[in-house]
Each structure stands twice: as structure tokens, then as C-alpha cells.
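A short write-up of the structure that comes next.
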Amino acid sequence: QTLDIQRGATLFNRACIGCHDTGGNIIQPGATLFTKDLERNGVDTEEEIYRVTYFGKGRMPGFGEKCTPRGQCTFGPRLQDEEIKLLAEFVKFQADQGWPTVSTD
Ligand code: HEM
């Protein structure tokens, strides 16, 4: 469990932190990764977090290997399904805790 959170944090720092540093959202301030916003936006379950991360939403690109349509997906490297699962677990866990700092070294 602790190890999965570490792996989730490492992935998050690689793929998500550019827009979601410390659980925020630099592009859309009403769509942070804090529970208050996740609940209001209907993204407060691991399943929904997985879906948004896989297919993207609005101005967020999707990272899934089979993400479509292409214009909604990242132009960079895609993530494996298992990596997106870890990220969904990590984001939910962090939201439940109020986004404490996780050391990844
Ligand atoms: C794999 C890494 C990422 C994860 C796990 C992730 C996760 C999420 C989640 C769970 C939401 C829903 C938040 C809410 O509605 O309160 C969200 C929304 C959003 N994210 Fe990300 N994100 C990632 C990467 C990015 C990146 C790199 C960008 C910027 C290029 C970005 C931009 C956005 C935007 C603009 C929204 C709002 C979408 C909307 O509601 O229309 N995200 N993200």
C-alpha cells in the first residue's frame, strides 16, 4: 500500500504535476484534485478519476493507450492501464488526506 502510494506519487510528478501541483489546477481553478471540487464535478471515485485520466476532459488531455478522439489526448507518451490505476488510487488517497506532501526519494 505504502509502496503503491510512492509509485503513484512518482507517476504523478512525471505526468500530472505540471497542471496539478499540490493537488491544484493551474488551468481551471474550479477543478482541483481536492475533495470539494472532485465531489462537485462528479469525479470523487477512483473509477471516475481513472476515466478522466484515461480519456481527458475539457482542456485536460487523456493519457490512456486507447484514448480517443486523438485531439482530446496527450501528444506526449501514453500511460499503461496499470499506471492510470495507480494514479487514480493516489489521487483519491491524497484527496482524502487533504494533499499532504509525499516524499518520492
Ligand atoms: C496523469 C496526470 C493527471 C491526472 C491524474 C489528472 C487528474 C485530474 C482529475 C481527477 C481531474 C478532475 C478534477 C475535478 O473535476 O475537480 C482533472 C481535471 C483537469 N485537469 Fe488533470 N490530471 C492529470 C494531468 C493533467 C495535465 C497535464 C493537465 C494540463 C495540461 C491537466 C489539466 C486539467 C484540467 C484543465 C482539468 C479540468 C477539466 C474539466 O473539468 O473540464 N491535467 N485532472
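Note that ligands are numbered from 1 as they come in the structure, with each ligand's atoms numbered from 1 the same way.
- Using 4.0 Å as the threshold, Pro61 has a heavy atom nearer than that to some atom of ligand 1.
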field: Test salt bridge (charged side-chain N to carboxylate O under 4.0 Å, His left out) applied to Arg51 and Glu48, step by step
entry: CA-CA 5 Å; Arg51 187 192 311 281; Glu48 281 306 313; 3.2 Å; yes
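- Taking a cut-off of under 4.0 Å to the non-hydrogen atoms of Thr32, the atoms of ligand 1 that pass are 13 (C), 14 (C), 16 (O).
- The distance from ligand 1 to the heavy atoms of Asp37 drops below 4.0 Å at these ligand atoms: 16 (O).
- At least one N or O atom of Asn41, backbone or side chain, sits closer than 3.5 Å to an N or O atom of ligand 1.
- Side-chain contact check for Pro61 versus Gln72: every heavy-atom pair is 4.5 Å or farther apart.
- Judged as a side-chain hydrogen bond (donor to acceptor under 3.5 Å, both in side chains), the pairs with a partner in residues 36-47 (not counting sequence neighbours) are, in order, Thr32-Asp37, Asp37-Arg40.
- Listed by chain and number, the protein atoms of type N/O/S under 2.8 Å from atom 21 (Fe) of ligand 1 are His20 NE2, Met60 SD; waters are omitted.
- Contact of the Glu82 side chain with the Arg7 side chain is registered, since non-hydrogen atoms from C-beta on lie closer than 4.5 Å.
- The nearest heavy-atom contact from the protein to atom 41 (O) of ligand 1 is Gln28 NE2, 3.5 Å.
- Within the listing of ligand 1, atoms 1 (C) sit less than 4.0 angstrom from a heavy atom of Leu87.
- Gln94 places a side-chain N or O within 3.5 Å of a backbone atom of Pro100 that can act as its donor or acceptor partner.
- Within 6.0 Å of CZ in Arg78 there are more than 12 heavy atoms belonging to other residues, nucleotides or ligands.
- Heavy-atom contacts of Leu38 reach the following atoms of ligand 1: 13 (C), 14 (C), 16 (O) (cutoff under 4.0 Å).
- Tyr54 places a side-chain heavy atom less than 4.5 Å from the side chain of Lys66.
- No donor-acceptor pair under 3.5 Å is formed between the side chain of Thr74 and the backbone N or O of Phe63.
- Each of the atoms 29 (C), 35 (C) of ligand 1 lies under 4.0 Å from some heavy atom of Ile27.
- From Gln6, atom CD reaches atom CZ of Phe90 across 9.0 Å, with rounding to the nearest 0.5 Å.
- The closest side-chain heavy-atom distance from Phe12 to Val91 is below 4.5 Å.
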